[in-house]
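In the text below, chain A, chain B and the rest are named by the order of the sequence lines, each starting its count at 1. Note: hydrogens, waters and symmetry copies are ignored here, and every other heavy atom, side chains too, is used.
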Amino acid sequence: MFLLLAAHPDGSALQELTADGLPSPGNPHPRIISRTAATAVPENPGQSPTGLPAVVRELEQRRPRWIWHRTQDWYPALLEAGVELERCYDLSLSGAILAHSEFTAHTPYAQRAEKMTQDDDLQQPPRVLQPPPPPADQGALFDDPGLQSDLRPTLGELRAEYAAQQEAVAHATTDGNRRQRLQLLLAAESAGAMIAAEMQHAGVPWREELHEQILADHLGPRPPAGHRPAKLEALTTELRRLLHSPALNPDSPQELMRALHRNGIEVKSTRQWELKESTHPAIEPLLAYKKLARLHTANGWTWLDAWVRNGRFQPEYVVGGVVSGRWASRGGGALQIPRQIRGAVHADPGHKLIVADASQLEPRVLVALAQDSTMAEAARDQDLYAGIAAKGFGGDRAKAKMALLGAMYGATSGEAGRLMPQLARTYPRAVGFVEQAARAGEAGKTVTSRLGRSSPPPSERWFRSQQSTSAEEQRRADSIARSRGRFTRNFVVQGSAADWAACWLAELRRRLRALRADGSASGELVFFLHDEVMVHAPDGAVESCIQAIEDAANAAKELLFGRIPVEFPVSVAVVDSYDNAK
DNA sequence: AGTTGCTGCGCG
DNA sequence: AAAGCGCGCAGCAACT
């Protein structure tokens with residue numbers, strides 16, 4: 001059962017097509033079961049239980065797969081109206097993957113996308129994939145209706161786009177396994193889009209009074225707008241005295257640098273790690289100032305006012321926001337909640353926060369990708385780095401970790417660089433795998449994650465540098481190539497880890513929904529950060545939620561790699577407060 | 001006055 | 001001058 005939706009998200013001119021399939025190579029003319037056009041504009045937008053949400057809720061009982069241009073255009077308003085959906089296909093996110101995937105590179109779909117980026121200076125994606133016009137919150141008076149209707153995909157365009165994507169997948173490659181992986185990626189990405197909207201809707205439980213207490217403890221009472229808090233003011237006074245600079249603004253790197261130089265502190269920048277080299281008495285208060293100033297500007301009272309409402313922090317997640325497949329976020333720095341203020345993240349009464357993270361995900365993904373059985377043996381340990389250390393770094397865990405991270409990031413110098421030969425001797429397959437990705441990237445080739453997300457083509461700079469003639473230009477070209485090599489080296493690992501995490505998340509959502517459908521108590525996904533999830537659950541649901549998290553992790557492993565002897569353990573903490581999670 | 005880029009630091 | 005990967009954001013600096 002498939003449903004196509006074509007309408008503006010305000011619900012006007014909803015068109016629904018119900019068919020036994022969608023146009024595809026094997027089924028070019030699907031049997032149409034019913035077709036309706038509902039004009040479903042709520043009379044009181046946002047309040048009326050009728051209109052679009054009611055129509056969608058009705059149709060959801062048939063358990064369709066909703067196919068829409070962008071989940072973000074539809075789903076938040078539906079959630080707001082209390083309508084949760086089971087599954088969807090996000091044309092925009094899927095199209096972006098298919099347009100660049102090495103698995104579909106030979107298909108007309110990808111070639112059309114490539115042609116468009118070549119022809120078009122603005123590098124615009126296919127028309128149907130363009131972002132919608134900006135939100136019309138100023139009212140229709142200020143909108144250009146012609147422009148809007150031009151950008152809004154019609155039912156016909158959605159059908160054509162879906163058919164083109166299906167065909168691209170069908171012809172992905174003769175390797176059926178790759179086709180399955182790509183299909184899995186599209187499903188996981190679409191599920192991710194729904195989860196992102198649901199998590200934004202739910203929000204992270206945030207106790208404002210606990211946050212304010214942390215701020216008061218560190219910074220003093222809340223200052224008037226535009227003023228430094230008491231503790232920062234005191235440190236500023238001290239710094240001015242110690243550095244003999246009565247007007248110093250410690251927030252200005254230039255002023256600060258000059259003041260440091262005048263006092264014989266010869267630093268090339270004002271970064272923490274460089275300042276730590278000096279033993280001058282001004283350094284300690286300066287570092288303290290920087291720490292507190294960061295808290296004040298990034299997560300202080302202003303942040304609290306802007307981002308926390310009614311006990312919830314509701315950031316916007318940007319699925320597909322990173323080329324590797326990781327999520328990005330917009331507003332509030334959702335993916336950078338500092339440890340310092342995690343104490344403000346607190347479960348509701350009668351609830352717990354279940355914080356789970358995939359331990360050492362990226363090196364484990366590398367083991368699986370490279371099928372390095374020697375490293376797999378070391379990874380049987382709950383602590384992979386300790387396992388590696390025991391087999392060749394004299395038991396020095398810190399060294400083993402640095403070597404492995406260096407291999408995944410492309411370290412060439414420093415201690416990590418020096419450790420590389422030793423790592424390569426013991427684990428030639430794992431190291432060879434990332435080395436090969438690096439060589440490919442240097443040569444301008446693309447690399448691809450486990451499920452089929454490919455790296456972007458080389459930059460314009462890379463192409464230009466290829467025509468270098470002089471020795472000087474050649475050095476520059478080599479540097480650009482090596483830089484791209486480090487990117488593609490990391491891409492295969494980071495991208496495949498993102499594949500794993502997307503499957504983990506989708507599988508977890510399915511299980512949490514199943515619990516709820518059973519009538520059991522269930523938790524709610526409220527946060528996701530690359531390799532970590534947070535579930536907010538009633539006390540009685542904690543055990544079943546933990547089980548769901550662990551089952552989902554196993555399912556993700558098998559979906560990506562099949563049954564292989566590599567563990568992907570998750571560490572789970574059940575806490576009231578996020579700062580007790582790690 | 002508004003825009004763009006840089007510096008520095010938070011997270012994985 | 002080169003530099004281990006990927007991000008977002010605030011405030012300063014340098015402009016138009």
Kindly say if [X] contacts the phosphate of [N], meaning a side-chain N or O under 4.0 Å from OP1 or OP2.
X        : N      : answer
A:Lys290 : B:dG8  : no
A:Ser329 : C:dG8  : no
A:Gln336 : C:dG8  : no
A:Lys291 : B:dG10 : yes

Using the P atoms only, state how far B:dT7 lies from C:dA1, rounded to an integer number of Å. 14 Å
Side chain [X] and base [N] donor-acceptor under 3.5 Å:
X        : N      : answer
A:Gln494 : C:dG6  : no
A:Arg339 : B:dG10 : no
A:Arg326 : C:dC7  : no

Taking atom types as modelled, is there a side-chain donor on [X] or [Y] under 3.5 Å from an acceptor on the other?
X        : Y        : result
A:Tyr289 : A:Arg228 : yes
A:Asn554 : A:Glu550 : no
A:Gln494 : A:Ser324 : yes

I'd like to know if the side chain of A:Asp579 and the backbone of A:Arg342 have a donor-acceptor N/O pair within less than 3.5 Å. no
Is [X] touching bases, backbone alone, or none of the nucleic acid, heavy atoms closer than 4.0 Å?
X        : value
A:Gly406 : base
A:Arg476 : nothing
A:Met402 : base
A:Gln340 : nothing
A:Ala328 : sugar-phosphate
A:Gln272 : sugar-phosphate
A:Gly417 : nothing
A:Arg489 : nothing
A:Ser483 : nothing
A:Ser252 : sugar-phosphate
A:Gly321 : nothing

Considering heavy-atom distances to DNA chain C, does A:Arg475 or A:Ala334 have its closest nucleotide positioned more toward the 5' end? A:Arg475
Could you pick out which residue, A:Ala403 or A:Asp251, lies toward the 5' side of DNA chain C when each is mapped onto its nearest nucleotide?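 It is A:Ala403, whose closest nucleotide lies nearer the 5' terminus.
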Provide, to the nearest angstrom, the distance between the [atom1] atom belonging to [X] and the [atom2] atom belonging to [N].
X        : N      : atom1 : atom2 : answer
A:Leu335 : C:dC5  : CG    : P     : 20 Å
A:Glu435 : C:dC5  : CD    : C1'   : 15 Å
A:Arg294 : B:dT7  : CZ    : C1'   : 12 Å
A:Phe527 : B:dC11 : CZ    : C1'   : 9 Å
A:Leu361 : C:dC5  : CG    : C1'   : 14 Å
A:Asp531 : C:dG6  : CG    : C1'   : 13 Å
A:Arg342 : B:dC11 : CZ    : C1'   : 7 Å
A:Met257 : C:dA13 : CE    : P     : 11 Å

Would you sort out whether A:Arg262 and A:Ser245 count as a side-chain hydrogen bond (donor to acceptor under 3.5 Å, both in side chains), showing the intermediate values? CA-CA 9 Å; A:Arg262 273 200 303 277; A:Ser245 311; 3.0 Å; yes
With respect to the side chain of [X], which nucleotide from [options] is positioned closest?
X        : options               : value
A:Phe487 : C:dG11, C:dG6, C:dA14 : C:dG6
A:Pro253 : B:dC9, B:dT7, C:dG8   : B:dT7
A:Asn249 : C:dG4, C:dG6, C:dC12  : C:dC12
A:Ser269 : C:dG4, B:dG8, B:dG12  : B:dG8
A:Thr297 : C:dA10, C:dG8, C:dC7  : C:dA10
A:Arg486 : C:dC7, C:dC5, B:dC11  : C:dC5

Sidechain N-carboxylate O distance under 4.0 Å for A:Lys401, A:Asp383: no
Answer yes when A:Glu435 and A:Arg439 have at least one side-chain N-carboxylate O distance shorter than 4.0 Å, and no when they do not. yes
The single option from A:Leu260, A:Ile265, A:Asn263 passing side chain to side chain contact (heavy atoms under 4.5 Å, CB included) against A:Ser278: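 When side chain to side chain contact (heavy atoms under 4.5 Å, CB included) is applied between A:Ser278 and each of A:Leu260, A:Ile265, A:Asn263, only A:Ile265 qualifies.
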Counter-base of C:dG4, judged by Watson-Crick or G-U geometry with both distances under 3.5 Å: none
